[in-house]
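Below is one structure, written out as structure tokens; comments come after it.
Values below: all heavy atoms of this structure, side chains included; hydrogens, waters and symmetry mates excluded.
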Amino acid sequence: MAMTSISQGCLGLKRGGSMCCTEPSTFVMRDVFRSLASQLHLNRLPSRSWRRATLITCATFANENREFVIVGGGNAAGYAARTFVENGMADGKLCIVSKESVAPYERPALTKAYLSPLDKKPARLPGFHTCVGSGGERQTPEWYKDKGIEVIYGTTVTGLDISTQTLATASGSRLKYGSLIIATGCSASRLPDKIGGSLPGVHYIRDVADADLLVSSMQSAKKLVIIGGGYIGMEVAAAAAGWKIDTTVIFPEEHVMARLFPATLGRKYEELYEENGVKFFKSAFVKRLVAGTDGRVTAVQLENGSTLDTDMVVVGIGAKPVSTPFAEAGLKTHAGGIQVDGQFRTSSPGIFSIGDVAAFPLKIYGRTARVEHVDHARKSAQHCVNALLNIRTDP
């Protein structure tokens, strides 16, 4: 089967899906790329007394133009910004704090078309800024300026004082907010430093800067070892096959995509990849990564005694929600994320959380869970902002 018949630029993995799912059982197998956001049984709006309390708590700071602050600059932030604009509540009122140096974009592209060989016209910004992934307008940095949205690039929030409604940032500034939306997403899970997890030539991918480094390495690499047989591993392997790199994927499970696929389906994918030169080491565990004389990674040693020579390593072993400063401030957490209700409200009035970092009630399954999926990021953002504005404007 030809590689190009499977997907546009990558083997068998549809655009739009996220790289991992904290609750894989919540996906419907007939469409593994569909978010469960549509399956939420959403709660009714809160009582009027709660709304009045929230209106008092969520005082505005017109002098600072930060009536609404979104922490995080990923998919969810971009779609939340659009929803504020659609409701006429963005101009001069909304601020986004982003650790990245670019405006929000459709993150799934980073392990799909972004990694395509240079002669295949790979995806690049501004081509995939939000909200093009759902057929919406491309929200470039100019779009945010035109809509009167303040975007603070290149910093993270390190602290939250709920009593004074104040955020502390890594750059040393302090920001007042009226209503706060936490959309910090996840960071890539890493191998321990003591086994070589931070050696030069070892790649993790979560943002554009990571993807740029990976592409740079792929241009000269002859051999690649990928650790992890999930979304990240399989999508990077597909891209590497396009670069004609000798690629080996190692993982502890008995077949690829084990958290999502049954063995028969996983094996079908393995056969397709093998037809395109990708090799698999199953039920394999990493002992350590080996550095050469120049300090760069040169090999991966397995627990079974095997050693795989390589020019570079890509680690795709999951992700961790970025919730620490908010948990330390007293917000309730669950499944590593920030616990919210059906309106994406946290345990503190006036503070909301959306996207990968939010742990929300899946009433169809009777449990609270996080879902790391782009469709959930989009829909949770839209639903949260609409709920927030309804709470604030309801008489």
Run the side-chain contact (heavy atoms from CB on, under 4.5 Å) check on Glu106 and Arg378 step by step: do they pass?
CA-CA 10 Å; Glu106 304 284 356; Arg378 295 166 179 163; 3.0 Å; yes

Test side-chain contact (heavy atoms from CB on, under 4.5 Å) applied to Arg66 and Leu175, step by step
CA-CA 8 Å; Arg66 294 181 181 122; Leu175 309 175; 3.5 Å; yes

Could you go through Ile226 and Thr248, starting from their C-alpha distance and side-chain angles, then the distance that decides it, and tell me whether this counts as side-chain contact (heavy atoms from CB on, under 4.5 Å)?
CA-CA 6 Å; Ile226 298 171; Thr248 301; over 6 Å; no

Audit row: Phe84, Ile181, side-chain contact (heavy atoms from CB on, under 4.5 Å) steps and yes/no
CA-CA 12 Å; Phe84 275 112; Ile181 298 177; 3.9 Å; yes

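Thr158 places a side-chain N or O within 3.5 Å of a backbone atom of Ala168 that can act as its donor or acceptor partner. Checked by atom type and distance alone, the side chain of Ser116 never pairs as donor or acceptor with a backbone atom of Lys120 at under 3.5 Å. Judged by distance alone, with hydrogens and angles left aside, the side-chain atoms of Ser347 form a donor-acceptor pair with the main-chain N or O of Lys332 at under 3.5 Å. His383 places a side-chain N or O within 3.5 Å of a backbone atom of Gly342 that can act as its donor or acceptor partner. Here the side chain of Thr166 pairs no donor or acceptor atom with the backbone of Arg174 at under 3.5 angstrom. Under the 3.5 Å distance criterion, the side-chain polar atoms of Gln165 are matched with a main-chain donor or acceptor of Gly178. With Asp311 contributing its side chain and Lys222 its backbone, the two residues share a donor-acceptor pair below 3.5 Å. With hydrogens and angles ignored, the 3.5 Å screen pairs a side-chain donor or acceptor of Ser353 with a backbone N or O of Ile182. Formation of a donor-acceptor pair under 3.5 Å by the Thr184 side chain with backbone atoms of Val322 is found in this model. Ser173 places no side-chain N or O within 3.5 Å of a backbone atom of Ser171 that could act as its donor or acceptor partner.
Checking Ile232, Val215, Val208 one by one against Leu110, the side chain to side chain contact (heavy atoms under 4.5 Å, CB included) holds for a single residue, Val208. With Asn75 as reference, Val374 is the one residue of Val374, Asp375, Ile354, Asp356 to meet the side chain to side chain contact (heavy atoms under 4.5 Å, CB included) rule.
Ion pairing of Arg206 with Asp210 is absent here, as no side-chain N (NZ or NE/NH1/NH2) approaches a carboxylate O to less than 4.0 Å. Under the 4.0 Å criterion applied to side-chain N and carboxylate O atoms, Glu253 and Lys282 are not assigned as salt-bridge partners. One finds no salt bridge joining Glu274 and Lys279 here, because no Lys/Arg side-chain nitrogen approaches an Asp/Glu carboxylate oxygen to under 4.0 Å. Comment: Glu270 does not engage Lys268 in a salt bridge, judged by the lack of any side-chain N to carboxylate O separation of less than 4.0 angstrom.
By the rule that hydrophobic residues join a cluster once side-chain heavy atoms approach within less than 4.5 Å of another member, Ile162 and Val97 end up as members of one cluster. Transitive grouping of hydrophobic side chains (ILVMFWY, heavy atoms separated by less than 4.5 Å) brings Ile152 and Phe326 into a common cluster. Under the 4.5 Å side-chain contact rule for hydrophobic residues, Ile317 and Leu214 do not share a cluster. Follow the hydrophobic side-chain contacts under 4.5 Å out from Ile227 and you never reach Met257; the two are in separate clusters. No continuous path of hydrophobic side-chain contacts links Leu213 to Val313 [ILVMFWY only; heavy atoms under 4.5 Å].
Under the 4.5 Å side-chain criterion, counting only non-hydrogen atoms from C-beta, Leu160 is not in contact with Pro325. In this structure, Ser134 and Arg82 have side chains that are in contact, with non-hydrogen atoms separated by less than 4.5 Å. In this structure the side chain of Thr310 never reaches within 4.5 angstrom of the side chain of Thr298, judged on heavy atoms. Contact annotation: the side chain of Tyr144 never approaches that of Glu150 to less than 4.5 Å [non-hydrogen atoms, C-beta and beyond]. With a 4.5 Å cut-off on side-chain heavy atoms, His255 and Pro262 do not count as touching. Residues His129 and Pro141 have side chains in contact (heavy-atom distance under 4.5 Å, counting atoms from C-beta outward). Looking at Tyr79 and Cys131, their side chains come closer than 4.5 Å, going by heavy atoms from C-beta outward. Two residues are said to be in side-chain contact when any heavy atoms from C-beta on lie closer than 4.5 Å; Val202 and Leu289 meet this criterion.
Rounding to the nearest 0.5 Å gives a distance of 10.5 Å between CZ of Arg345 and CG of Leu388. Atom OG1 of Thr83 is separated from atom CE of Met89 by 13.0 Å, given to the nearest 0.5 angstrom. One finds the OH atom of Tyr273 at 7.0 Å from the CZ atom of Phe280 (value rounded to the nearest 0.5 Å). Note that the OG1 atom of Thr368 and the NZ atom of Lys363 stand 10.0 Å from one another [nearest 0.5 Å]. Separating the CE atom in Met218 from the CD1 atom in Ile245 is a distance of 4.5 Å, to the nearest 0.5 Å. From Leu167, atom CG reaches atom SG of Cys95 across 9.0 Å, with rounding to the nearest 0.5 Å.
When all heavy atoms of Leu362 and Ala369 are compared, the pair lying nearest together is CD1-CB, 3.7 Å. When all heavy atoms are compared, the tightest approach of Gly127 to Val132 is O-CG2, 3.8 Å. Here the closest heavy-atom approach between residue Ala90 and residue Ile149 is recorded as CB-CG1, 3.9 Å. Heavy atoms only, all atoms of each residue included: Val249 and Gly228 are closest at CG1-O, 3.5 Å. In this structure, Ala183 and Ala77 approach most closely via the heavy-atom pair CB-N, 4.5 Å. Gly266 and Val256 get closest at one heavy-atom pair: O-CG2, 3.4 Å.
More than 12 heavy-atom neighbours from other residues, nucleotides or ligands sit within 6.0 angstrom of CD on Glu137. Crowding of Lys287 atom NZ: a count of heavy atoms from other residues, nucleotides or ligands under 6.0 Å not exceeding 12. The 12-atom threshold is exceeded at NZ of Lys147, counting heavy atoms of other residues, nucleotides or ligands nearer than 6.0 Å.
Under the 6.0 Å distance and 45° angle rule, Arg190 counts as a cation-pi partner of Tyr204.
Checked against the 6.0 Å centroid criterion, the rings of Tyr177 and Phe68 do not qualify as a close aromatic pair.
Side-chain atoms of Glu100 and Tyr153 form no donor-acceptor pair, as typed in the model, at a separation below 3.5 Å. Between the side chains of Ser198 and Asp193, a donor-acceptor pair is found at a separation under 3.5 Å. In this model, no donor atom of one side chain and acceptor atom of the other lie less than 3.5 Å apart for Ser348 and Thr346. For the residue pair Tyr105 and Arg107, a side-chain donor N or O sits within less than 3.5 Å of a side-chain acceptor on the partner.
In this structure, His376 and Phe344 have tilted ring planes: the angle between them lies in the 30° to 60° band.
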